[in-house]
S.K.: 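One structure is given below, represented as structure tokens, and several questions about it will come after.
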Amino acid sequence: MSDAPKLDFIREIIAADLAVGKHATVITRFPPEPNGYLHIGHAKSICLNFGIAAEHAEVGAKCHLRFDDTNPEKEELEYVESIKTDVKWLGFDWGEDLYFASNYFSYFHDCAIHLIREGKAYVEQESAEEMRAHRGNLTSPGTPSPGRSLSVEENLQLFASMKAGEFKEGECVLRAKIDLASPNMNLRDPVLYRIMHAPHHNTGDAWCIYPMYDFAHPLEDAHEHITHSLCTLEFENHRPLYDWFIENCPVPSRPRQIEFARLSLSYTIMSKRKLLELVQGGHVGGWDDPRLPTLSGLRRRGYPPEAIRHFCKRIGITKFNGTTDVALLEFDVRDFLNHAAPRRMAVLDPVKVVLENWSTEPLAVVEVPNHPQQAEMGNREIPIAAEVWIEREDFMEVPEKKFHRLAPDRHVRLKGGHIIRCTGFEKDAAGAITVIRAEILPGTVGADAPEGVACKAAIHWVDVATGIDAEVRIYDRLFTVEDPDAAEGGFLSVLNPESLTTLAAKVEPALAAADAGFSCQFDRTGYFIADARDHQPGVKPVFNRTVALRDSWAKRG
RNA sequence: AGCCUCAUAGUGUAAUGGUAACACCACAGAUUUUGAUUCUGUUAUUCAAGGUUCGAGCCCUUGUGAGGCUACCA
């Protein structure tokens with residue numbers, strides 16, 4: 001668990017800034033737009049920004065949580081609340097530093113007026129299409145539009161009219177006057193304000209003009225005295241514009257934008273557009289559907305926040321645009337759960353075993369450790385009687401070569417309990433096993449197999465009379481949902497689509513068989529800690545499994 | 001096409017100009033009352049070509065490949 005103390009390039013820049021006294025402290029920010037739920041990709045940014053603040057606590061470093069809510073058409077209060085919940089769940093705390101870009105609307109407006117007075121902004125009355133045409137393209141420069149030659153007075157008046165609601169949406173915008181010939185398209189007189197006659201979740205109807213990201217963001221950062229504004233690579237080309245606003249507006253501080261590569265995970269849908277589509281289209285149960293890579297989905301699935309944080313630390317921060325294998329994430333989940341999760345037994349596709357000589361040893365309870373290595377987790381007592389459920393796949397009428405579990409005349413241990421020997425079985429008309437007959441070997445609880453008895457495996461079991469040992473979650477490669485873009489039957493992130501239906505078929509009878517407290521979900525954490533990953537269609541799943549107790553970590557934080 | 005950025009095992013990430021390494025994955029053995037865990041071992045890496053240098057993954061040039069940019073989204 002020793003993490004390399006190496007500094008990534010961002011932390012190096014910050015350390016250097018601190019060392020030369022450029023800043024006395026560090027202030028970062030996590031600035032989501034409240035237009036959806038946070039997902040695993042956001043976790044990287046959250047861990048980076050809050051992590052850096054925590055690492056420099058000795059100089060009073062902080063990380064702000066700021067909602068970048070400058071577009072009333074896309075944003076909702078529900079998202080604000082979910083984001084706060086998810087950041088907290090991940091283990092971070094913004095303290096008093098919760099902000100909304102919408103609270104700075106009048107500051108943005110002041111800056112716009114300032115730019116107009118300086119002759120650095122003007123009102124454009126062309127349509128979006130005309131502006132696009134006049135902006136030129138990647139190889140040819142743009143050409144001046146009529147608005148560019150308006151006087152300061154005219155612009156001031158026009159902008160006041162915009163703000164007063166005297167224009168309809170799309171009739172005009174405020175643009176910065178920078179460089180229509182710049183090879184960087186972002187500098188070709190970008191739009192600062194557009195008209196939107198839409199109520200804002202925070203400011204209501206107070207405004208009908210709303211600032212664009214490029215204009216608002218640097219001002220938000222400066223206003224909050226952010227020292228290092230960390231964002232993803234796609235904003236690289238925006239940095240000159242970011243700096244231009246810092247240079248030309250009345251700002252109280254001079255933040256620096258630094259870009260890093262966003263997280264891209266194999267087999268995982270990370271596009272907000274697609275996630276929205278899945279949720280709104282009813283393809284999944286909601287933003288917290290356990291099949292989704294949203295933080296709330298991962299939470300329901302049983303992913304411990306510690307594992308996600310450790311994963312983020314391990315993948316590092318660079319400018320390299322790669323795709324991280326989801327196996328890296330899964331390792332951290334398994335690694336954490338393996339140490340932290342108490343174990344339970346579960347049977348998903350049950351077949352009954354009748355212990356025919358049960359009355360010869362009327363033991364009613366066996367004591368089972370909650371964790372195979374960590375004795376301090378204690379033991380629990382499980383009732384057992386003459387009938388138990390075992391997994392259907394733990395029995396083979398005709399065992400194949402490396403099969404070590406139950407088969408006619410073979411021995412197997414009921415995990416934590418007795419060694420049993422199969423004495424027979426019954427089938428129904430269709431040829432399916434209906435019941436297995438067995439006998440217990442007296443005195444084998446907590447003891448090795450007697451001389452001459454070959455017992456090479458211990459299987460999960462559940463007492464028929466008293467019900468199951470635990471609430472269960474299924475661990476499998478179910479990161480997945482159907483791809484709305486695929487013609488049909490396409491999966492975006494399943495390696496093994498069959499496993500979904502296979503497991504569904506297994507869970508149904510299990511649900512029917514068990515009454516009290518049994519609930520199965522299509523989660524991937526806890527059922528198989530590792531092996532289900534190797535499922536291939538048509539290949540039998542690995543029999544050994546670990547069931548981690550859900551509540552023990554789902555309730556954290 | 002112009003501009004910006006990036007390039008190290010299958011994946012991610014390291015390496016003051018001085019022996020290319022760590023983790024994951026994969027595979028093979030040992031232990032195991034979870035075919036898990038644990039332990040041991042194995043395979044495999046600097047995009048290409050030039051240049052500077054005693055010495056280049058690192059510096060320079062060119063090329064190749066990948067990503068980003070022509071929203072009144074963020």
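All heavy atoms count here, side chains included; hydrogens, waters and symmetry mates do not. Below, chain A is the first sequence line, B the second, and so on; all start at residue 1.
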S.K.: Can you list the residues that meet the side chain to side chain donor-acceptor pair (under 3.5 Å) rule with Tyr79(A), with sequence neighbours excluded?
M.R.: none
S.K.: What's the gap between rG41(B) and rA49(B) when it is taken at their C1' atoms, as a whole Å value?
M.R.: 39 Å
S.K.: Residues in ring-ring contact (aromatic ring centres under 6.0 Å, His included) with Phe159(A), at least two apart?
M.R.: His109(A), Tyr193(A)
S.K.: If I take atom CG in residue Asp335(A) and atom C1' in nucleotide rC25(B), what distance separates them, rounded to the nearest angstrom?
M.R.: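 It works out to 15 Å between those atoms.
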S.K.: Please give, in whole Å, the distance from rC6(B) P to Phe260(A) CZ?
M.R.: 16 Å
S.K.: When you compare the side chain of Met270(A) with that of Ser264(A), does any pair of heavy atoms fall below 4.5 Å?
M.R.: no
S.K.: Can you build the contact string for nucleotides 67-74 of chain B? Use B for base contact, S for sugar-phosphate-only contact, and - for no protein heavy atom under 4.0 Å.
M.R.: SBSBSBBB
S.K.: Determine the Euclidean distance between corresponding P atoms of rU38(B) and rU46(B); express it in Å to zero decimal places.
M.R.: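 Going atom to atom, P in each nucleotide, I get 31 Å.
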S.K.: Would you please name every residue forming a ring-ring contact (aromatic ring centres under 6.0 Å, His included) with Phe260(A), sequence neighbours left out?
M.R.: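 For Phe260(A), no residue satisfies ring-ring contact (aromatic ring centres under 6.0 Å, His included) once neighbours in sequence are set aside.
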S.K.: For His42(A), which residues count as a side chain to side chain donor-acceptor pair (under 3.5 Å) partner, sequence neighbours excluded?
M.R.: none
S.K.: Who passes ring-ring contact (aromatic ring centres under 6.0 Å, His included) against Tyr104(A), sequence neighbours left out?
M.R.: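 Applying ring-ring contact (aromatic ring centres under 6.0 Å, His included) to Tyr104(A) gives His223(A).
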S.K.: Determine the contact category for Thr318(A): base if any of its heavy atoms lies under 4.0 Å from a base atom, sugar-phosphate if only primed atoms, P, OP1 or OP2 are that close, otherwise nothing.
M.R.: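 Sugar-phosphate contact only - Thr318(A) comes under 4.0 Å of backbone atoms but never of a base.
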S.K.: Quantified in whole Å, what is the P atom distance between nucleotide rA71(B) and nucleotide rA66(B)?
M.R.: 24 Å
S.K.: Centres of the Phe235(A) and Tyr213(A) rings: under 6.0 Å?
M.R.: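 Here the rings of Tyr213(A) and Phe235(A) have centres that are less than 6.0 Å from each other.
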S.K.: Which of these passes side chain to side chain donor-acceptor pair (under 3.5 Å) with Ser229(A): Glu259(A), Gln257(A), Arg29(A), Arg256(A)?
M.R.: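 Going through Glu259(A), Gln257(A), Arg29(A), Arg256(A) one by one, the side chain to side chain donor-acceptor pair (under 3.5 Å) with Ser229(A) is satisfied by Arg29(A) alone.
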S.K.: Roughly, in whole Å, what's the span from CZ in Phe336(A) to C1' in rU37(B)?
M.R.: 16 Å
S.K.: Could you give the CZ-to-P distance, from Arg11(A) to rA14(B), as a whole number of Å?
M.R.: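 Rounding to the nearest Å, CZ of Arg11(A) and P of rA14(B) are 11 Å apart.
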S.K.: Rounded to the Å, how far apart are Phe9(A) CZ and rC6(B) C1'?
M.R.: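 Going from Phe9(A) (CZ) to rC6(B) (C1'), I get 11 Å.
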S.K.: Does NZ or CZ of Lys163(A) fall inside the cone over Trp207(A)'s six-membered ring, less than 6.0 Å from its centre and within 45° of the axis?
M.R.: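 Lys163(A) over Trp207(A) ring: yes.
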S.K.: What I'd like to find out is whether the side chain of Ile420(A) reaches to under 4.5 Å of the side chain of Val412(A), using heavy atoms alone.
M.R.: yes
S.K.: Who are the side chain to side chain donor-acceptor pair (under 3.5 Å) partners of Thr318(A), not counting sequence neighbours?
M.R.: none
S.K.: Pick out which of Thr268(A), Leu265(A), Ile40(A) makes a side-chain contact (heavy atoms from CB on, under 4.5 Å) with Thr324(A).
M.R.: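 Result for side-chain contact (heavy atoms from CB on, under 4.5 Å) with Thr324(A): Leu265(A).
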S.K.: Pull out every protein N or O sitting under 3.5 Å from an N or O of nucleotides 28-33 of chain B, one pair per line with the distance.
M.R.:
residue : atom : partner   : partner atom : Å
rU33(B) : N1   : Arg413(A) : NE           : 3.3
rU33(B) : O2   : Gly416(A) : N            : 3.0
rU33(B) : N3   : Arg413(A) : NE           : 3.2
rU33(B) : N3   : Arg413(A) : NH1          : 3.2
rU33(B) : O4   : Arg413(A) : NH1          : 2.6
rU33(B) : O4   : Arg413(A) : NH2          : 3.4
rU33(B) : O4   : Gly446(A) : N            : 2.7
rU33(B) : O4   : Ala447(A) : N            : 3.1

S.K.: Rounded to the nearest 0.5 Å, how far does CD1 of Ile459(A) lie from NZ of Lys415(A)?
M.R.: 11.5 Å
S.K.: Output the rounded distance in Å from CG (Leu263(A)) to P (rU13(B)).
M.R.: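 So the two atoms are 10 Å apart, to the nearest Å.
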S.K.: Quick one, give me the B/S/- string for nucleotides 18-24 of chain B, reading 5' to 3', where B means a protein heavy atom under 4.0 Å from the base and S means that only happens at the primed atoms, P, OP1 or OP2.
M.R.: -----SS
S.K.: Can you check the Met377(A) CE to rU37(B) C1' distance for me, whole Å?
M.R.: 13 Å
S.K.: Counting only heavy atoms from other residues, nucleotides and ligands, does the tally under 6.0 Å from CZ of Arg262(A) exceed 12?
M.R.: no
S.K.: I'd like a table of atom pairs between the protein and nucleotides 39-45 of chain B - only N or O on both sides, under 3.5 Å - with the distance next to each one.
M.R.:
none

S.K.: Expressed as a whole number of Å, how far does the C1' atom of rU40(B) sit from that of rG57(B)?
M.R.: 31 Å
S.K.: Reckon Lys402(A) touches a base, only the sugar-phosphate, or nothing at all at heavy-atom distances under 4.0 Å?
M.R.: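 Base contact.
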S.K.: What distance, rounded to whole Å, do you find between the two C1' atoms, one in rG18(B) and one in rU31(B)?
M.R.: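 Taking atom C1' in both rG18(B) and rU31(B), they lie 43 Å apart.
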S.K.: Please measure how far the P atom in rC22(B) lies from the corresponding atom in rU42(B), and state the result in whole Å.
M.R.: 12 Å
S.K.: Distance check, C1' atoms only: rU19(B) and rA56(B), in whole angstrom units.
M.R.: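 Per the computed distance, 14 Å lies between those C1' atoms.
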S.K.: Quick one: Leu241(A) CG to rC4(B) C1', roughly how many Å, whole number?
M.R.: 14 Å
S.K.: Parallel, tilted or perpendicular for Phe215(A) and Phe245(A), by the 30°/60° rule?
M.R.: perpendicular
S.K.: For the residue pair Glu124(A) / Ser145(A), report whether a side-chain donor-acceptor contact shorter than 3.5 Å exists.
M.R.: yes
S.K.: Please list, chain by chain and in numerical order, all residues satisfying side chain to side chain donor-acceptor pair (under 3.5 Å) with Lys319(A), sequence neighbours excluded.
M.R.: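 Lys319(A) satisfies side chain to side chain donor-acceptor pair (under 3.5 Å) with Glu236(A) once adjacent residues are dropped.
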S.K.: As a test of your reading of the structure, name each stem of RNA chain B as range with range, where a stem is three or more consecutive Watson-Crick or G-U pairs at under 3.5 Å.
M.R.: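 Detected stem regions: B:2-7 with B:64-69, B:10-13 with B:21-24, B:26-30 with B:38-42, B:47-51 with B:59-63.
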S.K.: Write down the distance separating the P atoms in rU13(B) and rU70(B), rounded off to the nearest Å.
M.R.: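 That atom pair is separated by 26 Å.
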